[in-house]
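These notes are about the structure you will find just below.
Small disclaimer: the values here were computed from a predicted structure and weren't measured.
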Amino acid sequence: GWGRSASASSIVLYAGITVAVVFALIIVMSSLGSQPQVQVSIGTRAPDEWELITDANRSLTAYLPQGWTWFDSANVEQGDRLRELIAEDGSFLSGTFPLGGAVDDLEVVFLALSPTMDSSTLPTFMVVAKSEKLNRLSYGDASVYLDEGDFTISEMRYIDNFERSYLSIVTEPEVESAGDQLRCRQQFIKGEDEGMLLALCAPVRFYTAQQIIFAEIFNSFQRLS
């Protein structure tokens, strides 16, 4: 009976609603499909008085202690200052070595500095860099490169499970600028287009004291794209 009694306007109305619902579902699914994909463990709870930092390009996120100063290359106000810091002190770029020194297209995209009371002392820092050429290396190739090179590598292991896949390294890179010898804990994380290097570095004499902070940052770090 409804089919015989329904008016043309009612049919048009319900057809319009159906089309609108389907169109909305397509938009939602497309939006969800374009969101960054988490590649490392999520659900990590930050220690008290830490803050969640996400870069402007939504390519990475991590918890950092309050009081740290950070610079994002994708942020208009911070990008110039980041490039100035990299140019002024070669230690920050050296923190990505030796893998960072193996390519000529490495770009530092994020830098975070711990507060320091002594301006003559290099601060503990976090540096993130990306490279298309580095992404061409498999984790096995990267391991061979590190094994065969003249580098001080005190730890190297491949992490592979359902949450993450990366090469973990602890190294003492050669520092270009004068000052303290660095020790860095690094991760090499491959992506679809670019390889990412995450390094947490401190002067050798302070490195052991920073291990709890380093572990918290690494546990919270997520590559989003």
Ignoring hydrogens, what is the shortest heavy-atom contact between [X] and [Y]? Give both atom names and the distance.
X    : Y    : result
F125 : S91  : CZ-O, 3.6 Å
T96  : L197 : O-CD1, 3.7 Å
I153 : I169 : CD1-CG2, 4.0 Å
N75  : A56  : N-CB, 4.3 Å
S94  : P173 : O-CB, 3.1 Å

Query raised in the report: Within a reach of under 6.0 Å around CD1 of I17, are more than 12 heavy atoms found that belong to other residues, nucleotides or ligands?
Result: yes
Query - Heavy-atom neighbours of E77 CD exceed 12 at 6.0 Å - result: no
Report task. Establish whether L52 and L113 are linked, either directly or via other cluster members, by ILVMFWY side-chain heavy-atom contacts under 4.5 Å. Result -> yes
Report task. Give the cluster check for Y158 versus F218: same hydrophobic cluster or not, with ILVMFWY residues linked at side-chain heavy-atom distances below 4.5 Å. Result -> yes
Query raised in the report: Got a salt bridge between E172 and R183, using NZ or NE/NH1/NH2 to carboxylate O under 4.0 Å?
Result: yes
Requested in this report: For K133 and E194, run salt bridge (Lys or Arg N to Asp or Glu O under 4.0 Å): C-alpha distance rounded to whole Å, both residues' side-chain angles, the deciding distance at 0.1 Å, then the answer.
Outcome: CA-CA 7 Å; K133 292 183 178 179; E194 296 176 312; over 6 Å; no
Requested in this report: Give a yes/no verdict on a cation-pi contact between R185 and F214, requiring under 6.0 Å between NZ or CZ and the six-membered ring centre and an angle within 45° of the axis.
Outcome: no
Query - Approximate separation, where rounding is to 0.5 Å, of D89 CG and E84 CD - result: 13.5 Å
Using residues 134-141 as the side-chain source, report each donor-acceptor pair under 3.5 Å to any protein atom, sequence neighbours left out, with the distance given to one decimal.
residue: N135; atom: OD1; partner: G191; partner atom: N; Å: 2.9
residue: N135; atom: OD1; partner: G195; partner atom: N; Å: 3.3
residue: N135; atom: ND2; partner: G191; partner atom: O; Å: 2.9
residue: S138; atom: OG; partner: G140; partner atom: N; Å: 3.4
residue: S138; atom: OG; partner: D141; partner atom: N; Å: 3.0
residue: S138; atom: OG; partner: D141; partner atom: OD2; Å: 3.1
residue: Y139; atom: OH; partner: S165; partner atom: O; Å: 2.8
residue: Y139; atom: OH; partner: K190; partner atom: N; Å: 2.9

